[in-house]
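See below for the structure under consideration.
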Amino acid sequence: FVGASECYDVVRREVADVERGLEAMRASLPALRAGCQAFAVRAEQISKARAAHRRTLANQSALLDLLEAPSLQDTCVRHGNYDEALEIQSFVDKATRRHGDKKIAAIAQIGEGSRRASDAMLAQLLDKLRDPHVTLPECLKVVGVLRRADAMDETAMRRAFLRCRERAAAEAAAAVDGADAYEYVKRLTDAHRTRVFDVATQYRAVFADDEEDEDELTSDSSARGGEKSGAEETNDAFERSRLLRSWCTHRTGEYLRRL
């Protein structure tokens with residue numbers, strides 16, 4: 001009987017210890033659950049980051065091409081490789097349109113760098129047209145690049161062409177000097193005649209559709225009469241057709257002013 005009583009006391013104490021252990025374990029379950037959830041979230045983040053890194057590594061070549069595009073385009077512009085610069089610009093524009101809605105900072109910076117290179121190319125091309133000794137093939141090349149770059153519409157391009165060539169003609173006229181009135185008039189007349197002839201010949205060759213614009217003034221006005229779009233196209237054709245005449249009139253006035 002004494003042995004049974006001692007055994008009962010031992011069992012009761014052990015059962016109490018087990019109950020206390022269960023209570024402690026029950027109290028620690030929320031913290032364990034939170035720790036497991038945090039571990040699962042962190043593991044998922046690491047898995048996504050690893051997958052992104054693997055995709056980046058797989059597309060490393062394409063990413064390097066995209067990141068180096070602005071500097072490469074600028075190098076092509078500085079060396080006069082305009083065809084390659086336009087290809088790079090088209091590549092960047094496609095990437096910007098494809099990912100522009102995602103608000104990616106790197107894509108925005110690449111697009112801005114490409115635009116700066118395009119602006120530099122436009123300025124360089126216009127500087128070529130300001131050269132007094134620019135040849136007709138060079139004019140054709142410059143205007144062809146401007147058209148491919150889609151930097152301006154047709155009317156604005158013709159205005160820019162005449163504005164740049166006007167600078168060369170004005171500088172040639174300003175360079176004429178002479179104490180003798182006869183020599184001065186002779187040199188001024190020769191300089192004016194030569195420059196106006198060169199510019200008019202280059203303009204007619206570069207913008208060969210100028211005569212077609214004149215035909216549009218009559219055909220569009222009769223065929224499209226009251227339509228708004230037809231009127232706008234007719235106005236554009238009229239403005240293009242009179243640009244060269246207006247410039248020649250301006251140069252004649254400048255010539256008379258210097259006499």
Side-chain angles (χ1 to χ4, degrees), residues 40-168 171 199 202-203 205-209 236 240:
V41 171
R42 181 58 181 164
E44 184 178 1
Q45 293 175 350
I46 294 174
S47 177
K48 290 181 179 179
R50 184 171 180 272
H53 292 160
R54 292 182 63 183
R55 288 195 301 269
T56 301
L57 182 61
N59 297 280
Q60 181 181 8
S61 178
L63 289 174
L64 288 177
D65 291 341
L66 183 60
L67 294 173
E68 295 175 355
S71 59
L72 183 60
Q73 181 180 353
D74 182 68
T75 301
C76 292
V77 170
R78 285 189 283 106
H79 288 83
N81 300 323
Y82 301 119
D83 292 337
E84 291 78 2
L86 289 175
E87 292 178 1
I88 297 173
Q89 177 184 343
S90 176
F91 170 72
V92 173
D93 289 343
K94 290 179 180 178
T96 303
R97 287 193 300 268
R98 186 181 304 134
H99 304 288
D101 56 342
K102 299 178 181 179
K103 306 299 182 181
I104 302 175
I107 295 296
Q109 292 177 359
I110 292 171
E112 182 63 27
S114 177
R115 283 189 291 272
R116 286 196 298 267
S118 299
D119 293 340
M121 181 178 68
L122 177 61
Q124 190 176 109
L125 291 171
L126 294 179
D127 285 340
K128 288 181 178 294
L129 292 178
R130 296 186 184 98
D131 185 359
H133 306 293
V134 66
T135 62
L136 178 57
E138 292 174 338
C139 291
L140 290 170
K141 179 181 179 180
V142 168
V143 174
V145 174
L146 290 175
R147 281 174 172 156
R148 287 184 58 194
D150 198 20
M152 57 187 74
D153 58 32
E154 187 67 21
T155 303
M157 189 183 306
R158 297 184 184 207
R159 287 176 178 170
F161 181 88
L162 290 176
R163 190 179 300 114
C164 294
R165 303 306 296 139
E166 161 66 18
R167 178 176 175 178
E171 290 177 353
V199 173
Q202 292 170 349
Y203 183 90
V206 172
F207 305 104
D209 58 343
D236 291 341
R240 290 195 297 267

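Numbers here are sequence positions counted from 1. Hydrogens, waters and symmetry mates are skipped; everything else that's a heavy atom, side chains included, is used. None of these values were measured; they are calculated from a predicted model.
Looking at Leu122 and Met152, their side chains come closer than 4.5 Å, going by heavy atoms from C-beta outward. Proximity of Leu125 to Leu146: side-chain heavy atoms (C-beta onward) are separated by under 4.5 Å at one or more points. For the pair Val142 and Leu126, the minimum side-chain heavy-atom distance is 4.5 Å or more. A 4.5 Å side-chain heavy-atom check between Pro70 and Asp74 finds every atom pair outside the cut-off.
Qualifying salt bridge (charged side-chain N to carboxylate O under 4.0 Å, His left out) partners for Lys48, counting only residues two or more places apart in sequence or in other chains: Glu44. In this view, Arg163 satisfies the salt bridge (charged side-chain N to carboxylate O under 4.0 Å, His left out) rule with no residue, not counting sequence neighbours. Take Asp127 and apply the salt bridge (charged side-chain N to carboxylate O under 4.0 Å, His left out) test, not counting sequence neighbours, and it matches Arg130.
Taking CZ of Arg50 as the reference point, atom NE2 of His53 lies at 11.0 Å (rounded to 0.5 Å). One finds the CD1 atom of Ile88 at 8.5 Å from the OG1 atom of Thr75 (value rounded to the nearest 0.5 Å). Once rounded to the nearest 0.5 Å, the distance linking CG of Leu63 with CG of Leu57 reads 10.0 Å.
Considering every non-hydrogen atom in both Val134 and Gln202, the closest pair reads O-NE2, 3.3 Å. Minimum interatomic distance between Leu136 and Ala205 (heavy atoms only, all atoms of both residues): CD1-CB, 3.6 Å. Counting all heavy atoms, side chain and backbone alike, Cys164 lies closest to Leu129 at CB-CB, 3.6 Å. Of all heavy-atom pairs spanning Leu162 and Tyr203, the tightest one is CD2-CD1, 3.7 Å.
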Check your understanding: Does the pair Ser118 and Gln73 meet the rule for a side-chain hydrogen bond (donor to acceptor under 3.5 Å, both in side chains), with working shown?
Key -> CA-CA 8 Å; Ser118 299; Gln73 181 180 353; 3.1 Å; yes
**Study point:** Test log, rule side-chain contact (heavy atoms from CB on, under 4.5 Å), inputs Thr135 and Cys139
**Key:** CA-CA 6 Å; Thr135 62; Cys139 291; over 6 Å; no
Practice item. Apply side-chain contact (heavy atoms from CB on, under 4.5 Å) to the pair Met121 and Leu86, showing each step before the final yes or no. Key: CA-CA 10 Å; Met121 181 178 68; Leu86 289 175; 3.6 Å; yes
Check your understanding: Can you list the steps and then say if Thr96 with Ile110 is a side-chain contact (heavy atoms from CB on, under 4.5 Å)?
Key -> CA-CA 8 Å; Thr96 303; Ile110 292 171; 5.8 Å; no
Check your understanding: Could you walk me through whether Arg97 and Lys94 pass the side-chain contact (heavy atoms from CB on, under 4.5 Å) check?
Key -> CA-CA 5 Å; Arg97 287 193 300 268; Lys94 290 179 180 178; 3.5 Å; yes
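Comment: Arg115 does not engage Asp119 in a salt bridge, judged by the lack of any side-chain N to carboxylate O separation of less than 4.0 angstrom.
In terms of modelled atom types and a separation under 3.5 Å, the side chain of Ser71 and the main chain of Glu68 share a donor-acceptor contact. For the pair Arg165 (side chain) and Asp131 (backbone), a donor-acceptor distance under 3.5 Å is present. Of the possible donor and acceptor atoms, one in the side chain of Asp153 sits under 3.5 Å from a partner among the backbone N and O of Ala156.
Among Gln124, Arg148, Lys141, the single residue meeting the side chain to side chain donor-acceptor pair (under 3.5 Å) criterion with Tyr82 is Gln124.
Residues Gln89 and Ser114 bring no donor and acceptor atom of their side chains to less than 3.5 Å of each other.
Using cut-offs of 30° and 60° on the angle between ring planes, the pair Phe161 and Phe207 is perpendicular.
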